[in-house]
Each structure stands twice: as structure tokens, then as C-alpha cells.
Amino acid sequence: MEIKGVELCRDPIWMRDAVSKFLESPIYSVPLLDFIDENCGMFEDSDDNKLEYTIVHENFKDLVDGLISDFLHSLGIPIPTFVQMLANEVHASLYSIVVTSILTVDDYLLFKEMMLKRNFQISNQTLNEISSQAQELEGPGNN
């Protein structure tokens, strides 16, 4: 007699749905977004690729790998089973979501672009907040 979890991890539809929901969940996205926000400030828009950028990229890849591995482990899904499921789902939407996510994580230039974009967004938000505060301090009659 098989354990229910073992039966489920052999069901590609269940596995696909579980992984898809995980990749969309805050359990996965919040640590990634926090990491990006904490580290994007060091990235500068130049052609130079500093050693520090590579270290941050490696840490990001480790974070993604750890989150996915921990999730699969919590469900009792062996990583080889997951990889085989992906190979069998080559034309399914989950495949494109997971592979795109993994390739984005592995591609240093895409990673750097993402970090620069987020750094720019945070800088703009900060400037807008400072501008709003300055306008409030000036008051309505001080134009």
C-alpha cells in the first residue's frame, strides 16, 4: 500500500498545480522581492560587471534553489521526479513558467537588468516622496 503523498507526487497534474501555485505565492515571491530590494542599490548602470554583482547573483540563485528545493521536500517530491515531470510537460504552461523563471535566475545579464530596474524604481519613489514633502513644507501660499 502506497502513502498518499507518494501517489500524489506521481500525479503530474497535481504536481504541476502545486508548483504553479507555489511560484505565484508570497512564500516564494516575498523572499525574492526582499532580496532584490535589499541588494539592488549596489548596482550601477554601466558596462562594468563588478565582482560584488556576481556574488549577489550567486546568492540570489542559491535563494531560489533553496526555496524550490524546500518546497519540493515539504511535499515529499524528489527533485529528480520534479525534473522528469518538467521534461514530460515540455509544451505545458508550467514548463514555460518554471523554465523561464530558472533561466532568468541563471542569466546574469537578465539578473543585472532586473536589479538596475528595481534600483531605478526605488530611486524614483524616493525622489517623489521628497518632492511631495517639500511641497507640503512650502504650504499653499508660498508659490
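Bear in mind the structure is a predicted one, so any value in this text is a computation, not a measurement.
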Residues F82, L75; criterion side chain to side chain contact (heavy atoms under 4.5 Å, CB included); working and verdict: CA-CA 11 Å; F82 175 69; L75 295 178; over 6 Å; no

Heavy-atom closest contact (K112 atom, E44 atom, distance): CE-O, 4.1 Å

Cluster link L33 to Y28, ILVMFWY, side chain under 4.5 Å: no

Atom CD of E113: over 12 foreign heavy atoms under 6.0 Å: no

Nearest-0.5 Å distance that lies between atom CG in D37 and atom CG in L32: 11.0 Å

Heavy-atom donor-acceptor pair, N39 side chain to F35 backbone, under 3.5 Å: yes

Shortest non-hydrogen separation from C40 to I122 and the atoms involved: SG-CD1, 3.7 Å

The single option from F111, Y53, F43 passing ring-ring contact (aromatic ring centres under 6.0 Å, His included) against F60: F111

Inter-residue atom distance L67.CG - D62.CG, 0.5 Å rounding: 11.0 Å

Worked check of side chain to side chain contact (heavy atoms under 4.5 Å, CB included) between N49 and T54: CA-CA 8 Å; N49 291 312; T54 305; 5.7 Å; no

Any donor-acceptor N/O pair, S69 side chain to G66 backbone, under 3.5 Å: no

Heavy atoms of other groups near I27 CD1, more than 12 under 6.0 Å: no

Euclidean distance, L137 CG relative to S132 OG, rounded to 0.5 Å: 11.0 Å

Residue list, salt bridge (charged side-chain N to carboxylate O under 4.0 Å, His left out) with K117, at least two apart or on another chain: none

Distance (rounded to the nearest 0.5 Å) between M115 CE and R118 CZ: 10.5 Å

Within one Ile-Leu-Val-Met-Phe-Trp-Tyr cluster: L110 and I55, side-chain cutoff 4.5 Å: no

Side-chain (S74) to main-chain (F71) donor-acceptor, under 3.5 angstrom: yes

Minimum-distance pair of heavy atoms, taken over all atoms of P31 and P26: CD-O, 3.5 Å

From NE2 (H57) to CG (L109), nearest 0.5 Å: 9.0 Å

OG on S20 to CE on M15, rounded to 0.5 Å: 13.5 Å

Side-chain heavy-atom pair I68, I79 within 4.5 angstrom cut-off: no

